[in-house]
Structures are given as structure tokens and as C-alpha cells.
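Naming convention: chains lettered A, B, ... in sequence-line order (proteins, then strands); numbering from 1 in each chain.
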2 protein chains.
Amino acid sequence: MLTGMKMAFLGGDARIIEVIRHVLDLDATVYLVGFADLDLPANDAIKTDLSPEVLKELDALILPVTGMSDDWTTESKYAARPIALTDEDFALLPKHCKIFTGIARNVLNETCRRHGLRLIKLMELDEVAILNSIPTAEGAIQMAMEQTDITIHGSNVAVLGFGRCGITIARMCTGIGAKVKVGARKEADFARIREMGVEFFHLADSNIELTQSDIVFNTIPAPVLTSEVLSRMQKSCVIIDIASKPGGTDFRFAEKRGIKALLAPSLPGIVAPKTAGRILANTICRLVLD
Amino acid sequence: MLTGMKMAFLGGDARIIEVIRHVLDLDATVYLVGFADLDLPANDAIKTDLSPEVLKELDALILPVTGMSDDWTTESKYAARPIALTDEDFALLPKHCKIFTGIARNVLNETCRRHGLRLIKLMELDEVAILNSIPTAEGAIQMAMEQTDITIHGSNVAVLGFGRCGITIARMCTGIGAKVKVGARKEADFARIREMGVEFFHLADSNIELTQSDIVFNTIPAPVLTSEVLSRMQKSCVIIDIASKPGGTDFRFAEKRGIKALLAPSLPGIVAPKTAGRILANTICRLVLD
């Protein structure tokens, strides 16, 4: 339980709503800043502005997943305007107050460091990133289903990269009944891929290994689907690239060649905000008592 | 190979295009009636009208999946108007000519019987129906992904019915990582469900077994999701009903209770026309030589 814990939320999206619900269930005292448009049962949470009285008492400050931008604002889906913070706001926080964010830019990092505040970057925690690979993989598979006129079952699926998301995509596609092969570079990865009963290949051989692929999922944030590789792939192949921007695909060449290639934005918050929110909620509730 | 076989197509949708491609690859002589809007490489197939010269020579007449309606027409996605047939057209066909259709209404059944022509109803063949359960299941899962804000992985999924589609949906959802349970009535089905490592329950207990379900797939064309069952389900539950019209859900009550319930149309032709077409193509090519 979080009875007696004082937590403030500074904007966010549907994922943060799930976190708010969760901490309310655990009896935390919740202050909401930047949620004017959010309908909540009365008395459950306190809608307020950032005031010294609130800040001085906080045990946790929860920023949106996108964090605070370098112009000292946070975005909220539930308010007309961004929420503005100042250095003085951080100065007022008790030293034991934990700051939660998804990702952190320079100013946020620097400000917390200067004030001796513990900054927890949720998206960098392995426990969050691994669980986030589930909605990411499902979102990528959903996109593949929508973009193809064939079934995943029975199709030739290639997964590039065997990190947190690559593992999950490979496992789910296998579960649906696809013929999956995974491209990686490390011998230990090859061993694990074999253990999963899935085919593997060395990424250096992508130019010959992807010629029969119907669907390619790329998870590697480096140029892997180069023009050379793309030139040997089937025109009917669909590429779902979930690597962080700008992805690992030569999108210009893919379009020229007539291959459908999509750079998938951060999928968890889009395709399964509730699941993504629960993942954050569980970790926040554990760490706030840590 | 189908060298020397004369086959005529009377309209259809994207699935039939896949069949046309396949029989052309196998060297059949192909007549296309009702495909004015279809772009095909010249000389591959012969676009024509229904003429006695063509009809007298046919080894196979392939109707759209929807068959011939009782007003003697067939629908084509690639023609402005339906294609009209007459009893005389059937009379001109050689006795060995096989008629392929997805489903057959009264007039088509009766006409073929009267003229002693073999009518093959593809959708009634087990080999086609089982393979069609793959695009059906993927389409249903895709809909569930689109309609929920949670992942399939980790969610409580119930599958009502353990026929061709129920089996496939249960297997795929398990493969994605859902907590699956299947409702059935027969002891032999319970045994097979256990063998798959999936939970099961008797459909008569639906009112207590579905209270925690996040997603329910119904495959049974009878009233199973009654108001009594629905009244005990979570409001956040999503129902995908793939049973033939009118489905097995009390849709009026579901809406009243605020439960999202969707009657899914015949999914294979919508979500994976190419896969669905290949399934038909393989069976037609086998049976035309039979």
C-alpha cells in the first residue's frame, strides 16, 4: 500500500491515467497538475496547480513518459497547454522525493543532478523495457497484419536483431505459425535462437537471407536494410521497422523499389496504452517505496 | 500441370485473381467473363463474353466465392454490372465440366442437379474450411488487437466453440501469450483442449466462466452470449463474434450494457485475400483433374 505517500503527476497520456488509477487504488495521496480535461470521481485525486505547499511535501513527482523538454515544459493530453516548471520548483522538493520520467533530456538530467534528486528513467530500466517489448511486438504484428494480404501463419518472417523486442516478435510470430528466421551477430544469440527452435542467420548475410521474406521486422537502429539488401528482396515484402528514429531501413530506396516499409512509432502507448500504463504503474509503485 | 484444360471464371473478388494466377502458371487456357476492369498481361488469359463456343469446350466453370444468386447473376469486383447466366448456358456445358463455387444457393444447386453437372462447394470442403480457419483466426485476432487498449499477451481470452476456427484461435492466442480457456460441450473436445495445454470449461457454465474475460471469441452460431451471460461479464470485455449471421451474441443487450461486441464478416477474403485465394487455388487445381 502507498498510504500516506504524496505523489504529483505533471501531465501525460493514457498510460499515465493507468498509473494514477493504480496508485489511487493503493491509497496514495494524488495531486494532478495539467489534467483539467480529465474526468475523475470526486475526492479521489486533487486537481491543483504547482504550489510550494504541494511541492514541499511530495514523495514522488511523476512526469509524462516523454519527460520534460529543454524549455522546462511537460506535455499533457488532458490540458490545453503544456505545464511550465522552474528551477525553483525542483529546489522546493524534499531531498527524498523521487522524480519519475520515461526518458530524460539534458535540462531534466542536469537539474535533478544539481538538486541532488533521484531521477528514475523508466524506459531505461530493463524490467520496463522487456515488458514493453510485449505491446511493441503485438503492435508491430498488428501493423504487419494490416499491411499484408497474406496471413502471418505460413509466411516467411525475418526478424533483424535479437534484443528485447526481437526475441518477443520472434516468439509471437512462431506462436502464430509463421516460418521465422532471426538475424543476429553473436554466437550466444545464435545458441538462444536455436534453443527456441527458430532458424537464424548472420546479419552480414542479409543480402542473401532476405530474398524470400514476406515480412521483415527490423529492431536494429543502424543501416541494416540498405539499398543493396533491399534490391534483392521481393517487391511484395512488407518491412515494419521499429528501431528508434531514423530506423534501419533505406526508406527512400524501398519506396523507389516499390517495397512497403513503415517506420513504427513508439508502439506501446499507441496500441495498448492500458498494458503500457500498467507496466509503468507496477514499477513506479515498487520503486517509490524503495 | 493443367495444359489443355479450359477454365472459365465468372467474376469474383481478390481471391479469384489468385486462383486465376495459379491456373495460368499451370498452363490452363483461361477465359475471363466479367473482368473488364482487371489489368492482366496480354495473351495470358482471354477476356470474353459467355458464348456457346466457349461454354461447349469448358472443363471447369469457376463462379465467385459467393456463388450464383437466385436471380441467375454472379457478382464481380472487376466489372460494372453483375454477370447474367441462363439455364441454356448450363445446358451447353459438357457433362464432364465441373462447376466450382464457394457456397451454393437453391437455383444453382437445382440447375446443376438437373443438368447432371458436378457442383463443388469449396467452402463446405473440410480441407478448405480448416485452412480458411487460419486467415479467419488472424483476422479475428487483428480485430481484437485493434479494439482493445491491452495486449493479447497476458490477457484473459475465452474461445467459445472448439471447431475448425475455435481450435486455430485458441492455438494462436496461446502462441502470442494469452491466458486462454476454451468453452465446449464434448468430452473428446475437453481431452483435446487439455492435450493443447489450454484450460477448458463447459459452455453451460459460461455465466460463471466469462466473468474475468478480457476478450471473448465466439465461433458458435447459436445464442451463447445471452443477456444472462453478458450481465456478469466485465464492461471492458471485447467480444469478437465470428459465427455466421446473426452470430451468437445478444448484440442489443451487449450495447445496452456497454460491452463492445463485433460481428465479424467473413474474414479470410477481407484480411488475407491472397492467402484465401491460394487455399481455393490449390483445391481447385487438384479437383479439376480429379
Most heavy-atom pairs under 4.5 angstrom with chain A, which of B:Glu138, B:Glu18, B:Gln142? B:Glu138
d(B:Ile176 CD1, A:Ile141 CD1) to nearest 0.5 Å is 6.5 Å
With a cut-off of 6.0 Å (strictly less than), are more than 12 heavy atoms of other residues, nucleotides or ligands near CD of B:Gln234? yes
Nearest 0.5 Å, what's the CD-CD distance between A:Glu146 and B:Glu146? 4.5 Å
Counting neighbours of CZ on A:Arg192 that are heavy atoms of other residues, nucleotides or ligands and sit closer than 6.0 Å, is the number greater than 12? no
With a 6.0 Å cut-off (strictly less than), is the heavy-atom count around CD of B:Glu255, excluding the residue itself, greater than 12? no
How about B:Lys256: does its NZ atom have over 12 heavy atoms from other parts shown lying under 6.0 Å from it? no
Is chain A contacted by the side chain of B:Arg171, its backbone, both, or neither, given a heavy-atom distance below 4.5 Å? backbone
Are any non-hydrogen side-chain atoms of A:Val271 and B:Met145 less than 4.5 angstrom apart? no
Looking at CD1 of B:Ile150 and NZ of A:Lys274, how far apart are the two atoms once the value is rounded to the nearest 0.5 Å? 7.5 Å
Between A:Thr275 (side chain) and B:Thr151 (backbone), is there a donor-acceptor pair under 3.5 Å? yes
